[in-house]
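A short worksheet on the structure shown next.
Residue numbers begin at 1 in each chain, while the letters A, B, ... track the order of the sequences. Quick note: numbers below take in every heavy atom, side chains included, and nothing from hydrogens, waters or symmetry partners. The structure presented is a predicted model; accordingly, all values stated were derived computationally and were not measured.
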Amino acid sequence: MPELPEVETVVRGLRDVLPGRSIVSIRLGKTDFIDDPVALGESLPGRRISSVERIGKFIHLQLAPNGSSHPEAASHLMVHLGMTGRLVVRAAKEPAPPHTHVYFELDDGRELRYTDIRRFGQMLVLPDAKLVELRERLGEDALNVSPEEFRRRLAGRRARIKALLLDQGVLRGVGNIYADESLWRARLHPARLAAKLSVQEVDRLRQMVQRVLGEAIRLRGSSISDFVDSDGQPGGYQKWHRVYAREGEPCYRCKTRIRRVIVAGRSSHFCPRCQPAPRSRRAGRAESRKARSRPRQG
DNA sequence: AGCTCTTCCTGAAAGC
DNA sequence: TGCTTTCAGGAAGAGC
């Protein structure tokens, strides 16, 4: 699933080819993931793409002002890849894969194509003011958040650390894979309450989040099911996953079998030895009861 | 405030 | 073998 490193990889690829190009025309397939398909179809043809940026997990295409622009004019195209979204540039004559729902014809004979099997993605066109609103409801970028800001955002929160890592209003860019990978490296159980983490633990977590994200960007993201970059190439970071999708396999540090539990409604992978469970009465009992009733041969 | 459940969607994999 | 059920998950909304 595309998280910060995957989106960053796509953005870097698009940045090589899109700025300066104009959108000639648009063709739409299914549109239920587009907030306003009519506005998209009407406001984009003829516009020039001036820049490509990442905002959390959103891809942001800035459109150069056209002659009659007023403050309400859509000048930003936002794309969220959801679970299975792909944004790829191809020669227009090349056949498109199934589930391709948006075709942006470019002025150089190529097409920017959006393909999304499950259509959990999002596509929206926004005027300046709405872009500001979107930015405001997202937290600090996970890659750049300072130690002080990270501490401040977790301070006093009674939620589980896993839930907060996934909350885009707290920190933007982290999803399920990189949350689990960061927590394993920081040796923190996903169900720990943020308010009960020590300053050292919070700082360590921030370091590990940024280290994991940085390494994943270097390897051009993780390809678990559908992710490819803007050239259609898979990433390589899945080879370095330490817990994600490794239930029952030995921990890379201590050989204990990796476990998977649901925390914050998400499957969470962790090492029960390196990442000790919090000492809360109910959770603690439920954990040990489960462990006893599920013996595994070793 | 924060948790769980539900919804959206499809294809892979498990179950029968 | 082949059909049916289950599961995965980003994000938002409902209800507790």
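For C:dG9, one of the phosphate oxygens OP1 or OP2 lies less than 4.0 angstrom from a side-chain nitrogen or oxygen of A:Ser267. Here A:Lys30 does not reach the OP1 or OP2 of B:dC8: none of its side-chain N or O atoms lies under 4.0 Å away. OP1 and OP2 of B:dG2 both lie 4.0 Å or more from every side-chain N or O belonging to A:Arg160. Between A:His80 and C:dG10, a side-chain N or O to OP1/OP2 separation shorter than 4.0 Å is absent. Residue A:His99 has a polar side-chain atom (N or O) positioned under 4.0 Å from OP1 or OP2 of B:dG11.
Atom pair A:Glu247:CD and C:dC7:P shows a separation of 13 Å (rounding to whole Å applied). Between the CZ atom of A:Phe33 and the P atom of B:dC9 there is a distance of 12 Å, given to the nearest Å. Per the geometry, CG belonging to A:Leu165 stands 16 Å off P belonging to C:dG9, to the nearest Å. Between the CG atom of A:Leu81 and the P atom of C:dG10 there is a distance of 12 Å, given to the nearest Å. Rounded to an integer number of Å, the gap from CG of A:Asn176 to C1' of C:dA8 is 10 Å. Counting to the nearest Å, the P atom of C:dA8 and the CZ atom of A:Arg266 are 10 Å from each other. A:Asp116 has its CG atom 10 Å from the P atom of B:dT10, to the nearest Å. The CE atom of A:Met78 sits 15 Å away from the C1' atom of C:dA11 (whole-angstrom rounding).
Using a 4.0 Å cut-off between charged nitrogen and carboxylate oxygen, A:Arg152 and A:Glu149 count as a salt-bridge pair. Between A:Asp229 and A:Arg12 there is no salt bridge, since no side-chain nitrogen of the basic residue lies less than 4.0 Å from a carboxylate oxygen of the acidic one.
Side-chain atoms of A:Asp116 and A:His99 include no donor-acceptor pair closer than 3.5 Å. A:Arg206 and A:Gln210 form a side-chain donor-acceptor contact under 3.5 Å, judged by distance and modelled atom types alone.
In this structure, A:Phe120 does not count as stacked on the base of C:dA11 under the 5.5 Å centre distance and 30° plane angle limits.
Minimum atom distance to the side chain of A:Arg137 is reached by C:dA12, of the listed B:dG11, C:dA12, B:dG2. Side-chain proximity of A:Gln168 to the nucleotides B:dT10, C:dA11, B:dC3 is greatest for C:dA11. The listed nucleotides are B:dG2, B:dC9, B:dG11; the one nearest the side chain of A:Ile117 is B:dG11.
Counting atom types as modelled, A:Arg118 pairs a side-chain N or O with a base atom of C:dA8 as donor and acceptor under 3.5 Å.
Backbone-only engagement by A:Tyr244 is indicated by non-hydrogen atom pairs under 4.0 Å involving sugar-phosphate atoms exclusively. Using a 4.0 Å heavy-atom criterion, one finds that A:Gln122 contacts no nucleic acid atom at all.
In A:Arg253, the CZ atom is crowded: over 12 heavy atoms of neighbouring residues, nucleotides or ligands sit closer than 6.0 Å.
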